[in-house]
Amino acid sequence: MCGIVGIVSRSIVNQSLYDALTVLQHRGQDAAGIVTCDQDKLYLRKDNGMVRDVFRTRHMRRLQGTMGIGHVRYPTAGSSSSAEAQPFYVNSPYGITLAHNGNLTNAGEIGEDLYKTDLRHINTNSDSEVLLNIFAHELQVLGKLVPTEEDIFTAVSAVHRRCKGAYAVVSMITGYGIVGFRDPFGIRPLCFGERESESGIEYMIASESVALQALGFTLIRDVLPGEAVYINTEGQLFTRQCAKNPVYRPCIFEHVYLARPDSIMDGISVYKARLRMGEKLAEKIRRVWPDHDIDVVIPIPDTSRTSALQLANNLGVKYREGFIKNRYIGRTFIMPGQSERKKSVRQKLNAIELEFQGKNVLLVDDSIVRGTTCNQIIEMAREAGAKKVYFASAAPEVIFPNVYGIDMPAASELIAHGRTVEEVRKIIGADWLVYQDLPDLIASAREGNPKIEAFDCSVFNGEYVTGDIDEVYLKRLERMRNDDAKKKKGSLQLLNDESIDLRNA
């Protein structure tokens, strides 16, 4: 899961890129990067950390130029090394930089092919570097001294033929312009907009519409599945469908958890979708437990608030804020190691006792992934004096790993994998547990845009829309993503970082 942005402007873009990345910070808190272009020169700054920590005044002053791209990341593939922070760069042809959100499911296969057939060296374990080199190679074989929009669209078409999986991309071609494109299923989000300046129209491409809105851009629309958008340095906009058989299958988990509620994604208001999730969940509670004794509904901040409020209104039950969140702790479901996650939850939330004492409390969360945080939060509610603690998930059971760019753990680490609802209830320690039904979740999102016939719901139903995921792939993924693997990777990275420090001492 990452956030990407690209801007072609009439003035220096460093501050605009920085501001856009801050708005997209929820999509990635591991690393950040910006590259700008001033005529034929590139200026790059990237490192591990939050946007505010990576970019200091001295870095911003060096980021000159009127166009640039930016990236915030969580490490879903490769490692959390600063060497894998984006954007990535290749000098040939033209000098191309690229930032990517998603995951190539055939990265290993085409990574080998890149060297054997294209003689291109891949320096990291990141599939984003693979994607960049494929795009660069497909532009290079055209042999043009000056690339036209037709050449760029031809190269993107070739990328679609070679790459499988999920990818939303912004790429900058030094001295020529910025291109944004989306995989043929539109799994990961991408949109673009415009704003008027004194010297002409300026364009922006971003993961979420909220980034455009924050910078005064007007949303034009989402980039369609398989489509490419190209803005040259003169401020001309070109669009082209570059995939043969595009199919709209956006990731529904964006609406559950990933996206900001004030974003419009694929024509769907994330806020309204979450309101409908609350309505549907309330209807289910009425259906399966008509004589419930819930005294108060309390959300687990932040993403469940919208659903919880509508659920409470629909049930006619009090809604209260029972937890105060420390906003300086990152999202916990992607943290490796149970002990780290447990410690983080206690640091992240603090209970307001008077909202719990002597009450039957229904806690509402957007989803249940590992279940570690649920267990800790339920304990906190009981310690705060709750008589009974019920738990509701605005999403169905997360049973399968995500292969399209969300760092959900191995299947064996998903609490609902291979377990019944009752078994999950006992493990997390709730007095009662209810999940959203998948058809209701789909209906909640689809009502916002009926033109989207289906979504990628693979984490809930195991149906991977790209059609290339088998048991062998999932087992290999599990070996890479389980907690033991992440701990080993972290230890190796620490050794690497120490050796680098010694060399620089």
If every non-hydrogen atom of [X] is compared with every non-hydrogen atom of [Y], which pair is closest and at what distance?
{"X": "Asn101", "Y": "Ile4", "answer": "N-CG2, 4.2 Å"}
{"X": "Val72", "Y": "Leu24", "answer": "CG2-O, 3.5 Å"}
{"X": "Cys457", "Y": "Ile252", "answer": "SG-CG2, 3.9 Å"}
{"X": "Gly33", "Y": "Pro87", "answer": "C-CD, 3.6 Å"}
{"X": "Ser16", "Y": "Ile7", "answer": "CB-CD1, 3.7 Å"}
{"X": "Glu478", "Y": "Ser412", "answer": "OE2-OG, 2.5 Å"}

Validation row: [X], [Y] side chains within 4.5 angstrom (heavy atoms):
{"X": "Thr22", "Y": "Met50", "result": "no"}
{"X": "Leu362", "Y": "Val317", "result": "no"}
{"X": "Val170", "Y": "Phe181", "result": "no"}
{"X": "Leu363", "Y": "Val361", "result": "yes"}

Just how far is it from atom [atom1] of [X] to atom [atom2] of [Y], taken to the nearest 0.5 Å?
{"X": "Arg182", "Y": "Asp222", "atom1": "CZ", "atom2": "CG", "result": "6.0 Å"}
{"X": "Ile205", "Y": "Tyr203", "atom1": "CD1", "atom2": "OH", "result": "11.0 Å"}
{"X": "Ser9", "Y": "Met204", "atom1": "OG", "atom2": "CE", "result": "11.0 Å"}
{"X": "Gln25", "Y": "Leu21", "atom1": "CD", "atom2": "CG", "result": "8.0 Å"}
{"X": "Lys164", "Y": "Thr105", "atom1": "NZ", "atom2": "OG1", "result": "7.0 Å"}
{"X": "Leu477", "Y": "Lys475", "atom1": "CG", "atom2": "NZ", "result": "13.0 Å"}

Could you check whether any side-chain N or O of [X] sits under 3.5 Å from a backbone N or O of [Y], counting only pairs where one atom can act as donor and the other as acceptor?
{"X": "Lys46", "Y": "Ala85", "value": "yes"}
{"X": "Arg45", "Y": "Val54", "value": "yes"}
{"X": "Ser307", "Y": "Arg274", "value": "yes"}
{"X": "Asn326", "Y": "Lys348", "value": "no"}
{"X": "Asp127", "Y": "Leu104", "value": "yes"}
{"X": "Arg425", "Y": "Ala430", "value": "yes"}
{"X": "Ser304", "Y": "Ile300", "value": "yes"}
{"X": "His71", "Y": "His100", "value": "yes"}
{"X": "Asn14", "Y": "Met60", "value": "yes"}
{"X": "Arg419", "Y": "Ile427", "value": "no"}

- Task: Assess whether side-chain hydrogen bond (donor to acceptor under 3.5 Å, both in side chains) is satisfied between Asp266 and Tyr248, documenting all intermediate values.
- Result: CA-CA 9 Å; Asp266 294 304; Tyr248 227 145; 2.8 Å; yes
- Sequence neighbours excluded, the answer for salt bridge (Lys or Arg N to Asp or Glu O under 4.0 Å) partners of Glu379 is Arg346
- Residues in salt bridge (Lys or Arg N to Asp or Glu O under 4.0 Å) with Glu227, at least two apart? Arg221
Is a salt bridge present between [X] and [Y], judged by a nitrogen-to-oxygen distance below 4.0 Å?
{"X": "Arg287", "Y": "Asp437", "answer": "yes"}
{"X": "Asp295", "Y": "Lys318", "answer": "no"}
{"X": "Lys272", "Y": "Glu447", "answer": "no"}
{"X": "Asp407", "Y": "Arg73", "answer": "no"}

- Item | Pairwise ring-ring contact (aromatic ring centres under 6.0 Å, His included) hits with a residue in residues 440-473, at least two apart | none
What pairs of donor and acceptor atoms, side-chain ones from residues 388-399 against any protein atom, are under 3.5 angstrom apart with sequence neighbours left out?
unit_1, atom_1, unit_2, atom_2, d
Tyr390, OH, Asp293, OD1, 2.6
Tyr390, OH, Asp293, OD2, 3.3
Ser393, OG, Ala395, N, 3.2
Ser393, OG, Ala395, O, 2.7

Side chains of residues 188-195: which donor-acceptor pairs under 3.5 Å do they make with residues two or more places apart or in other chains?
unit_1, atom_1, unit_2, atom_2, d
Arg188, NH1, Tyr404, O, 2.8
Arg188, NH2, Glu254, OE2, 3.1
Arg195, NE, Glu202, OE1, 2.7
Arg195, NH1, Leu215, O, 2.7
Arg195, NH2, Glu202, OE1, 3.3

Are more than 12 heavy atoms from other residues, nucleotides or ligands located less than 6.0 Å from atom [atom1] of [X]?
{"X": "Tyr319", "atom1": "OH", "result": "yes"}
{"X": "Glu196", "atom1": "CD", "result": "no"}
{"X": "Glu422", "atom1": "CD", "result": "yes"}

- Apply salt bridge (Lys or Arg N to Asp or Glu O under 4.0 Å) to Arg305 and Asp366, showing your working. CA-CA 9 Å; Arg305 279 197 175 105; Asp366 51 74; over 6 Å; no
- Just say parallel, tilted or perpendicular for the rings of Tyr257 and Phe253, cut-offs at 30° and 60°. tilted
- Hey, can you tell me if His417 and Phe400 have their rings parallel, tilted or perpendicular (30° and 60° cut-offs)? perpendicular
If only side-chain N and O atoms count, and only distance matters, is there a donor-acceptor pair under 3.5 Å linking [Y] with [X]?
{"X": "Glu463", "Y": "Ser458", "value": "no"}
{"X": "His26", "Y": "Glu208", "value": "yes"}
{"X": "Glu84", "Y": "Ser126", "value": "no"}

- Message: Can you confirm whether or not the ring centre of Phe356 sits under 6.0 Å from the ring centre of Phe323?
- Response: yes
For residues 275-282, run the donor-acceptor check on the side chains, cut-off 3.5 Å, and write out each pair with its distance to 0.1 Å, sequence neighbours left out.
unit_1, atom_1, unit_2, atom_2, d
Arg276, NE, Ser444, O, 2.6
Arg276, NH2, Ser444, O, 3.0
Glu279, OE2, Gln310, NE2, 2.7

- Item | side-chain contact (heavy atoms from CB on, under 4.5 Å) evaluation trace for Val434 with Ile285 | CA-CA 8 Å; Val434 62; Ile285 291 172; 4.1 Å; yes
- Determine, step by step, whether Val369 and Ile415 satisfy the side-chain contact (heavy atoms from CB on, under 4.5 Å) criterion, reporting the C-alpha distance in whole Å, the side-chain angles of both residues, the deciding distance to 0.1 Å, and the verdict. CA-CA 6 Å; Val369 182; Ile415 192 169; over 6 Å; no
- Item | Reference residue Val223; test side-chain contact (heavy atoms from CB on, under 4.5 Å); the match among Val169, Val229, Thr239 | Val229
- Check the pair Thr466 / Phe185 against side-chain contact (heavy atoms from CB on, under 4.5 Å), numbers first and verdict last. CA-CA 8 Å; Thr466 52; Phe185 293 91; 3.9 Å; yes
